[in-house]
Amino acid sequence: MENSVKKTQISADGKLPFREKFGWATGDFAQNLIYTTISTYLLFFYTNVFGLSASAAATMFLVVRLIDAINDPIVGTFVDKHTTRFGKYRGYLLYMSVPLAGLAILCFTVPNFSAMGRLVYAYVTYVGLSVLYTTVNIPYGSLNAAMTRNNKEIVSMTSLRMVLANLGSLTVSFGVPICVKLFSGGSYSGPFISNRLVLDDGRIWYRRRFNSYLLFPRIR
């Protein structure tokens, strides 16, 4: 019992090895692969590939943002009051990572539906993606305070997280045009966007999550 208390105290107040800080920060690199892909290319995909009108797509984005405003505090309260069997925060990341990557792929998939069916499909997949993103992002953002109470360590972790988050955004921003030129002759058409870009992002995203939260056991 005494050793357990001591171990908990060390993990709460002491310094963390760089490996653990880096493992935690890679989560935001992975997260920004999907976030930047969605924020940069989804509207373009809906209007130029999926077949939605600009007004329908803009209305859907507004609706999703309003849902976010309601959903975020609800998810935050739920996470704060519940603990999974994998820890207070890690369980949400393990449970929700695969569905989140799957919905990111579905958002860039064009179903063989009618115009109304496609609009409903777009709402369901995008709203679902937004809700799942919140259930992952809120626990992830709370992890550093759960890992250590050392203010210098928290600042160090946050700085490293921001570096990797920006690197993830740059990977998408600069990597997608290069991949488009290499694999689709410079055309941002449906087959490339839906089947290659997002599938690769989903795989990388979950692999990074897996590495961060299974290989670094102190992270809860």
Interatomic distance, [X] atom [atom1] to [Y] atom [atom2] [nearest 0.5 angstrom]:
X	Y	atom1	atom2	answer
T109	Y121	OG1	OH	4.5 Å
T171	I178	OG1	CD1	10.0 Å
M96	T135	CE	OG1	4.5 Å
M162	L167	CE	CG	12.5 Å
K88	K81	NZ	NZ	10.5 Å
F29	L170	CZ	CG	9.5 Å

Please check if [X] and [Y] belong to a single hydrophobic cluster, counting links between Ile, Leu, Val, Met, Phe, Trp and Tyr side chain heavy atoms closer than 4.5 Å.
X	Y	result
V155	M147	no
V120	L52	yes
I74	L100	no
V163	Y35	no
M116	V110	yes

Within a strict 4.5 Å, meaning less than it, do heavy atoms of the [X] and [Y] side chains meet?
X	Y	answer
S142	V79	no
T36	Y41	no
L66	I70	no
N71	S130	no
K21	E153	yes
K15	K152	no
Y123	R118	no
R90	T84	no

Inset, instruction - Please lay out, stage by stage, how L129 and T125 fare under the test side chain to side chain contact (heavy atoms under 4.5 Å, CB included). - result: CA-CA 6 Å; L129 177 71; T125 53; over 6 Å; no
Inset, instruction - Kindly assign one of parallel, tilted or perpendicular to the pair F45 and F108, based on the angle between their ring planes and the thresholds 30° and 60°. - result: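 If you compare the ring of F45 with that of F108, the planes turn out tilted.
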Legend entry - Aromatic ring pairing F50/Y46, orientation class (parallel under 30°, perpendicular over 60°, tilted between): perpendicular
Compare every heavy atom of [Y] with every heavy atom of [X], then report the nearest pair and how far apart it is.
X	Y	answer
V172	N32	CG2-O, 4.3 Å
I138	G76	CD1-N, 3.8 Å
A101	I34	CA-CD1, 4.2 Å
L33	T37	O-OG1, 2.5 Å
A145	I154	CA-CD1, 4.3 Å
L143	Y89	CD2-CB, 3.7 Å

Inset, instruction - Compute the ring centroids of Y126 and F61, then answer whether they are less than 6.0 Å apart. - result: yes
Legend entry - Sub-6.0 Å ring centroid separation between F86 and Y95: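 F86 vs Y95: aromatic centres under 6.0 Å.
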Inset, instruction - Dump the intermediate steps for side chain to side chain contact (heavy atoms under 4.5 Å, CB included) on W24 and R19, then the final yes or no. - result: CA-CA 9 Å; W24 173 77; R19 187 184 79 133; over 6 Å; no
Legend entry - Any pair counted as salt bridge (charged side-chain N to carboxylate O under 4.0 Å, His left out), so long as it reaches residues 42-68, sequence neighbours left out: R65-D68
Legend entry - Any pair counted as salt bridge (charged side-chain N to carboxylate O under 4.0 Å, His left out), so long as it reaches residues 160-172, sequence neighbours left out: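 Only D28-R161 qualify under salt bridge (charged side-chain N to carboxylate O under 4.0 Å, His left out).
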Inset, instruction - Just do the side chain to side chain contact (heavy atoms under 4.5 Å, CB included) check on T47 and S53 with the steps written out, would you? - result: CA-CA 6 Å; T47 55; S53 65; over 6 Å; no
